[in-house]
Amino acid sequence: MERRNDMNLLLDFYGGLLNDSSMKMCSMYYGEDMTLAEIAELMGVTRQAVHGVVRRTEDKLLNYESKLHLIDKSRKIRREINAVTQSLERVEASTETKQALAQAIESLGRIEWIEE
């Protein structure tokens with residue numbers, strides 16, 4: 001199950017770098033949990049062809065991440081956002097600063113949303 005989640009995450013980050021058929025086959029295989037045979041039938045190719053595309057695409061996606069580290073960076077940013085948010089939520093604020101703290105926490109939430 002973890003492999004499937006990892007590959008879906010890689011597709012989310014780097015799928016735009018793939019050609020349409022590779023993206024479609026991998027989305028069906030990892031995202032929709034379809035078998036190679038089901039994908040082959042829908043795409044009008046052999047099961048072996050789908051298998052080859054999926055394996056080559058996996059290699060490409062892993063290579064992209066090994067060079068660009070976008071997923072790793074995103075996870076680090078998310079951890080830091082959570083740490084800052086938790087720290088701000090623990091602050092005993094005066095009436096004057098409560099609004100500023102609330103706005104800061106809201107801004108961190110928007111940054112986290114952008115990351116997704």
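Residues Met25 and Val45 have side chains in contact (heavy-atom distance under 4.5 Å, counting atoms from C-beta outward). For the pair Met28 and Glu38, the minimum side-chain heavy-atom distance is 4.5 Å or more. Looking at Leu17 and Leu61, their side chains never come closer than 4.5 Å, going by heavy atoms from C-beta outward. At least one side-chain heavy atom of Ile77 sits under 4.5 Å from a side-chain heavy atom of Ile81.
The structure places OG of Ser27 at 11.0 Å from CE of Met34, a figure rounded to the nearest 0.5 Å. The CD atom of Glu41 sits 11.5 Å away from the CD1 atom of Ile39 when rounded to the nearest 0.5 Å. Atom-to-atom distance recorded for Thr85:OG1 and Leu108:CG is 4.0 Å, nearest 0.5 angstrom. Of the inter-residue distances, the one linking Lys24 atom NZ with Glu32 atom CD reads 9.5 Å to the nearest 0.5 angstrom. Gln103 CD to Lys98 NZ: the interatomic distance, rounded to the nearest 0.5 Å, is 14.5 Å. A distance of 10.0 Å separates CZ of Arg79 from OG of Ser74, quoted to the nearest 0.5 Å.
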Apply salt bridge (Lys or Arg N to Asp or Glu O under 4.0 Å) to residues Arg110 and Glu106 and explain how you reach the verdict. CA-CA 6 Å; Arg110 284 193 301 269; Glu106 185 179 316; 2.9 Å; yes
For side-chain contact (heavy atoms from CB on, under 4.5 Å), just list the numbers for Val91 and Thr97, CA-CA rounded to whole Å, side-chain angles, deciding distance to a tenth of an Å, and then say yes or no.
CA-CA 10 Å; Val91 171; Thr97 58; over 6 Å; no
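Using a 3.5 Å distance cut-off with no hydrogens or angles, the side chains of Ser22 and Asn19 do pair a donor with an acceptor.
Of the residues Arg75, Lys73, His69, the one that meets the side-chain contact (heavy atoms from CB on, under 4.5 Å) test with Ile71 is Arg75.
The neighbour count for Asp20 CG, taken as heavy atoms of other residues, nucleotides or ligands under 6.0 Å away, does not exceed 12. Atom CD of Glu89 is surrounded by more than 12 heavy atoms from other residues, nucleotides or ligands within 6.0 Å.
Residues Asn63 and Ser66 share a closest heavy-atom pair of O-OG, 2.8 Å. Of all heavy-atom pairs spanning Ala40 and Arg47, the tightest one is CB-N, 3.6 Å.
Of the charged side-chain nitrogens involved, none lies within less than 4.0 Å of a carboxylate oxygen, so that Asp59 and Arg55 do not count as a salt-bridged pair.
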Please list, one pair per line, the donor and acceptor atoms closer than 3.5 Å that link side chains of residues 8-15 to other protein atoms, with sequence neighbours excluded.
residue: Asn8; atom: OD1; partner: Gly31; partner atom: N; Å: 3.4
residue: Asn8; atom: ND2; partner: Arg4; partner atom: O; Å: 3.2
residue: Asn8; atom: ND2; partner: Tyr30; partner atom: O; Å: 3.3
residue: Tyr14; atom: OH; partner: Glu65; partner atom: OE1; Å: 2.4
residue: Tyr14; atom: OH; partner: Leu70; partner atom: N; Å: 3.2

